Every structure is written in structure tokens, then in C-alpha cells.
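So the structure is just underneath, and the comments pick up after that.
Since the model is a prediction, treat every value here as computed from it, not as a measurement. In what follows, residues are counted from 1 in the order of the sequence shown.
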Amino acid sequence: MPVEEFVAGWISGALGLVLGHPFDTVKVRLQTQTTYRGIVDCMVKIYRHESLLGFFKGMSFPIASIAVVNSVLFGVYSNTLLVLTATSHQERRAQPPSYTHIFLAGCTGGFLQAYCLAPFDLIKVRLQNQTEPMAQPGSPQPQYRGPVHCAASIFREEGYRGLFRGAWALMLRDTPTMGIYFITYEGLCRQYTPEGQNPSSATVLVAGGFAGIASWVAATPLDVIKSRMQMDGLRRRVYQGVLDCMVSSVRQEGLGVFFRGVTINSARAFPVNAVTFLSYEYLLRWWG
């Protein structure tokens with residue numbers, strides 16, 4: 001049943017999120033703050049000032065929302081392929097869809113995922129950028145005391161549109177890169193799997209890992225812009241839009257700004273997406 005694709009996407013996405021969130025926190029800090037000299041310096045400072053829990057800031061909201069976000073991506077992808085090819089997930093090994101269909105289905109899933117993801121991702125980024133140590137008796141309260149307080153504060157101070165700050169950059173990031181994501185995964189699975197058979201666990205892990213790297217390398221430039229626009233508006237508006245953010249960032253920091261965080265993104269992408277695809281495939285086989 002098509003609903004199984006959504007449930008499998010939820011479970012596999014949650015597993016990947018828990019594994020990858022510490023790397024994501026480091027990536028967001030590197031993209032939006034200039035106080036760190038690199039990945040190691042960022043990790044050391046987070047640990048020193050915020051303890052191990054600092055790496056998991058902002059995770060509760062993505063965990064709560066992953067049921068929607070990852071379900072949309074995998075569910076829409078698989079059901080779009082079903083519409084385009086009239087073959088179910090179990091039948092696709094015997095009748096593989098064309099790469100054009102895979103890319104279109106991936107782009108469709110990425111576009112709709114971005115729309116659902118935007119408010120949750122904004123809150124995650126705002127919470128990840130709070131550098132205060134965990135609250136101690138008598139210490140000043142951080143600006144946001146948790147995801148619900150963060151959402152309420154943004155709505156009160158920036159209005160409904162504030163919750164979708166950076167949404168256009170997010171859509172521009174996810175629409176093509178999810179097409180690349182699924183094409184890379186399917187291409188590697190076909191390359192190393194006998195025709196008509198299901199890929200082995202090792203093949204799924206490697207294909208999922210490299211699919212994650214390929215999509216994040218392509219996504220990083222717009223990921224930087226997305227994160228910066230999400231932080232814009234905390235005190236005063238700096239950017240007038242996606243293009244203005246791009247131009248301003250290049251003027252101030254050079255073209256290298258677009259690849260800030262690409263190393264940590266790639267390091268995170270392999271294990272996270274390997275686990276995501278392995279759990280997704282096995283859940284669908286189990287239910288099939």
C-alpha cells in the first residue's frame with residue numbers, strides 16, 4: 001500500500017536524524033557564525049561551553065516533525081514513481097524506471113518536503129545557533145527556551161511569514177538535489193546488483209551514503225544562503241531576498257562562502273543516509 005512508503009520514510013528519517021544531528025549543529029554554526037576557525041575548533045568550543053548536550057540543541061522539534069518531513073519526501077517520491085511508471089516498489093527491480101522518472105519523482109518529493117520542512121528547519125537553526133551553556137541557577141535565560149517558545153517568539157516578533165524565512169532558498173536547495181539524491185542511489189544500486197534482484201545490505205549502505213554526499217555537495221551553496229536567511233531578522237533585517245543574500249555574502253567573504261560546511265556536510269551525509277536507506281528498504285521488504 002502507498003501509505004507504507006510514508007511510514008517507512010518516517011522511521012528511517014528519525015534514525016538518520018539522531019545519528020546526524022551533532023554534525024548538523026556544527027555545520028549550522030560554521031555557516032552562520034564567524035567565530036570558529038574550522039570544524040575541530042567549533043566542536044571543541046561547543047563541548048567546552050555547552051557540554052555534550054550542546055551538539056543536540058534543536059533536535060526535539062525535528063524529531064517531532066520528521067514524521068511529516070521524511071514521510072513526505074519518500075512517500076511522494078515513491079507514489080510519484082507509481083503514477084509515472086505504474087509499478088510498485090517491489091516491482092521496480094524487475095521493471096526499473098528510467099532515470100528521468102527517478103529525477104522528476106525526486107524533485108517532486110524535494111519540493112513538497114521543503115514546504116513542510118521550512119518552519120521546523122527555521123526553529124532548529126535558531127536553537128542550534130544559541131551558544132549559551134545549559135541553564136544554571138542564576139544564569140541569564142537564553143533568547144529561546146525551547147522549540148515551542150522559539151516558534152511563539154518568531155510568530156509574535158516577525159509574524160506568520162517569519163516562520164517561513166528562508167523557505168525559498170530551502171525549496172531551491174531541495175528540489176533539484178533530491179532528484180540527484182535518488183538518481184545516485186538508484187544508479188549505484190543497479191550498478192552493483194544482478195538484474196531483477198534486490199540490492200544487498202552492503203550495496204544499500206554504500207549507495208545511500210554516496211547519494212547523501214552527492215546531494216549535499218550540490219546543496220551546500222544554497223544551504224549556506226538558507227541558514228543565513230533563517231538567522232536574518234533576529235535583530236534587524238540584513239538581506240532583501242535570496243539573491244541579495246548571495247551577493248552580500250560573496251562581497252564580504254568571497255566565493256568560498258558557498259562551500260562553508262561542505263566537509264562536515266559530507267562527513268555527516270554518508271552514515272546518515274546509509275542508515276536511512278537501509279532501514280527504509282528493509283521496512284518495505286518486511287511489509288511487502
Side-chain angles (χ1 to χ4, degrees), residues 1-28 52-80 89 105-106 108-128 146-148 150-151 163 170 173-174 177-178 181-182 184-185 199 201 204-213 215-216 219 223 226-227 230 264-288:
M1 291 178 61
V3 71
E4 292 169 353
E5 312 281 352
F6 289 91
V7 177
W10 166 51
I11 296 173
S12 60
L15 290 171
L17 176 68
V18 172
L19 181 64
H21 194 81
F23 297 97
D24 188 62
T25 299
V26 175
K27 179 265 295 184
V28 168
L52 193 62
L53 293 176
F55 291 99
F56 292 92
K57 283 184 174 178
M59 193 178 78
S60 59
F61 222 48
I63 281 286
S65 63
I66 201 70
V68 176
V69 174
N70 224 66
S71 292
V72 168
L73 174 61
F74 281 88
V76 170
Y77 166 74
S78 191
N79 283 280
T80 302
H89 182 84
T108 304
F111 178 81
L112 292 175
Q113 172 200 245
Y115 182 80
C116 296
L117 176 62
F120 302 118
D121 192 63
L122 171 69
I123 291 163
K124 173 187 73 71
V125 168
R126 294 277 179 98
L127 291 173
Q128 285 175 319
V148 175
C150 180
L163 290 169
L170 186 63
R173 183 196 77 175
D174 282 0
T177 54
M178 288 301 100
Y181 181 62
F182 285 107
T184 305
Y185 174 73
S201 297
V204 170
L205 284 169
V206 172
F210 278 108
I213 291 175
S215 62
W216 270 110
D223 190 51
K226 182 269 304 179
S227 294
Q230 287 172 326
I264 193 75
N265 264 341
S266 300
R268 177 190 63 150
F270 193 96
V272 167
N273 291 283
V275 168
T276 297
F277 269 110
L278 185 66
S279 54
Y280 176 75
E281 291 281 359
Y282 270 82
L283 283 168
L284 289 181
R285 290 179 201 177
W286 182 52
W287 286 326

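In this structure, Thr108 OG1 and Tyr77 OH are separated by 11.0 Å, a value rounded to the nearest 0.5 Å. In this structure, Arg126 CZ and Ile123 CD1 are separated by 9.0 Å, a value rounded to the nearest 0.5 Å. Atoms CD1 and CG, on Ile264 and Asp24 in that order, are 9.5 Å from each other to the nearest 0.5 Å. Distance CG/Asn70 to CZ/Phe74: 5.5 Å, rounded to 0.5 Å.
Counting only heavy atoms from C-beta outward, the side chains of Thr184 and Ser215 never approach each other to under 4.5 Å. Between Lys124 and Gln230, the closest side-chain pair of non-hydrogen atoms is not below 4.5 Å. Within the 4.5 Å cutoff, no side-chain heavy atoms of Ser279 are placed close to those of Ile11. Between Arg268 and Trp216 there is a side-chain heavy-atom pair separated by less than 4.5 Å.
Residues meeting the side-chain hydrogen bond (donor to acceptor under 3.5 Å, both in side chains) test with Thr25, sequence neighbours left out: Gln128. Tyr115 pairs by the side-chain hydrogen bond (donor to acceptor under 3.5 Å, both in side chains) definition with nothing, not counting sequence neighbours. Every residue meeting the side-chain contact (heavy atoms from CB on, under 4.5 Å) condition with Ile213, not counting sequence neighbours, appears here in chain and number order: Phe210, Val217, Ser266, Ala269, Phe270.
Side chain of Ser78 to backbone of Gly75: no donor-acceptor contact under 3.5 angstrom is found. A donor-acceptor contact shorter than 3.5 Å is absent between the side chain of Asp223 and the backbone of Ala219.
Asn273 and Tyr181 are linked by a side-chain donor-acceptor pair at a separation below 3.5 angstrom, with hydrogens and angles left out of the test.
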